[in-house]
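Predicted model, so just to flag it, every value in this text is computed and none were measured. Only heavy atoms go into these numbers, but all of them, side chains included; no hydrogens, no water, no symmetry mates.
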Amino acid sequence: MSRVTDGAAPRRLRLRVVRIALYAVLVLAAFGFLVPLVAMLFTSLKTMPEILGMAPFEGSTILSPPRAMSLDAWGAAWSGACIAVDCQGLKGYFWNSIVLCLVSVAISVSVGAVNGYALTKWRFRYDNVVFVLFLFSCFIPLQIVLIPAARLLGLVGLAGTMSGLIAVHVLYGIAFTTLFFRNFYVAIPDELIRCARIDGAGFWSIFLFVVVPISGPIAVVSIIWQFTSIWNDFLFGASFSGPGSRPLMVALNNLVNTSTGTKAYNVDMAAAMIAALPTMLVYIAAGRFFVRGLMAGAVKG
């Protein structure tokens with residue numbers, strides 16, 4: 001009995017050391033991610049005289065809280081900052097990105113769900129070949145599709161429009177959403193689909209009333225993935241948008257690169273915070289569902 005007790009104590013000590021080391025690594029990682037965010041937030045709340053009176057690129061001053069908190073930089077970034085020759089702030093571009101994300105996410109997730117359902121529960125000739133093509137398209141670099149997509153949008157008259165930008169994001173995103181839904185639907189018992197067919201249900205009836213109600217976890221994964229990818233995209237926005245359809249990230253880049261006298265660091269940081277807030281809120285609200293959805297289709301049964 002004493003030998004068992006003597007062996008358990010070192011084991012508990014090792015587990016405690018491992019746990020402390022793990023938490024230490026997590027705290028350091030969290031600190032490393034939070035330092036830039038805190039620096040951006042504090043800088044956006046400072047006035048320019050306070051920023052110019054300090055050494056703005058020394059760590060000890062960047063991370064110091066503002067002496068007199070001000071939201072003027074946020075107001076300027078939203079509705080008064082100059083983006084090239086347009087001094088109306090990020091407001092219009094922000095709503096462009098909202099429309100772009102909502103429409104693109106809705107279409108790509110819906111089509112991806114139908115594709116995944118068809119590739120798993122309604123087998124057809126060469127269905128595996130089709131799936132491999134979808135899988136292959138997930139690994140195509142963005143830069144490769146720029147010229148073909150630009151020529152195609154020009155031929156159909158959608159170059160420089162919001163509709164053209166939505167079409168590009170939808171076509172590129174369908175490959176990923178199809179992969180997500182296909183891997184999730186593989187775990188659905190085939191007997192469930194057969195029972196619905198015996199009862200007389202067809203393709204769309206089974207999809208809408210049997211498959212869709214149990215697709216919540218993977219739908220959340222697809223929505224978060226697509227929203228984040230589209231919201232943070234710069235390459236497609238800069239390549240395919242026009243004067244009235246430029247998304248927020250393109251405007252943010254132009255704002256930071258626009259020089260009108262003294263550089264307004266607080267306005268730049270406020271603009272960056274505005275651009276980052278939607279994705280942060282999405283992950284805070286649905287982050288746990290994202291992990292749960294990724295794991296939902298990992299094990300069959």
Is the closest side-chain heavy-atom distance between [X] and [Y] below 4.5 Å?
X: W231; Y: V282; result: no
X: N115; Y: F181; result: no
X: F240; Y: H169; result: no

Sequence neighbours excluded, which residues qualify as side chain to side chain donor-acceptor pair (under 3.5 Å) partners of Y172?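 Residues passing side chain to side chain donor-acceptor pair (under 3.5 Å) with Y172: none at all.
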For W74, what residues pass the side chain to side chain donor-acceptor pair (under 3.5 Å) criterion, not counting sequence neighbours?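 Listed in chain order: S44.
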If you look only at pairs with a residue in residues 268-283, which of them pass as a salt bridge (charged side-chain N to carboxylate O under 4.0 Å, His left out), with sequence neighbours excluded?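 Matches after skipping sequence neighbours: K263-D268.
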Starting from F180, can I reach I188 by hopping between I/L/V/M/F/W/Y residues whose side chains sit under 4.5 Å apart?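 Shared cluster, yes.
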With a sphere of 6.0 Å drawn around CG of L22, does it hold more than 12 non-hydrogen atoms of other residues, nucleotides or ligands?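 Yes, because the 6.0 Å sphere around CG of L22 holds more than 12 heavy atoms from other groups.
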So I140 and S137, side chain to side chain contact (heavy atoms under 4.5 Å, CB included) or not? Walk me through it. CA-CA 5 Å; I140 297 177; S137 62; 4.2 Å; yes
N/O donor-acceptor pair under 3.5 Å between S229 side chain and Q226 backbone: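 No: the side chain of S229 does not pair with the backbone of Q226.
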side-chain contact (heavy atoms from CB on, under 4.5 Å) involving D72 - partner list, sequence neighbours excluded: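 D72 satisfies side-chain contact (heavy atoms from CB on, under 4.5 Å) with S70 once adjacent residues are dropped.
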Pairs under 3.5 angstrom only: tabulate donor-acceptor contacts from the side chains of residues 270-277 to other protein residues two or more places apart or in another chain.
none

Solution key, residues 203-214 side-chain donor-acceptor pairs under 3.5 Å, sequence neighbours excluded:
none

Determine whether V111 and V170 satisfy the following criterion, side chain to side chain contact (heavy atoms under 4.5 Å, CB included), listing intermediate values before the conclusion. CA-CA 9 Å; V111 175; V170 168; 5.7 Å; no
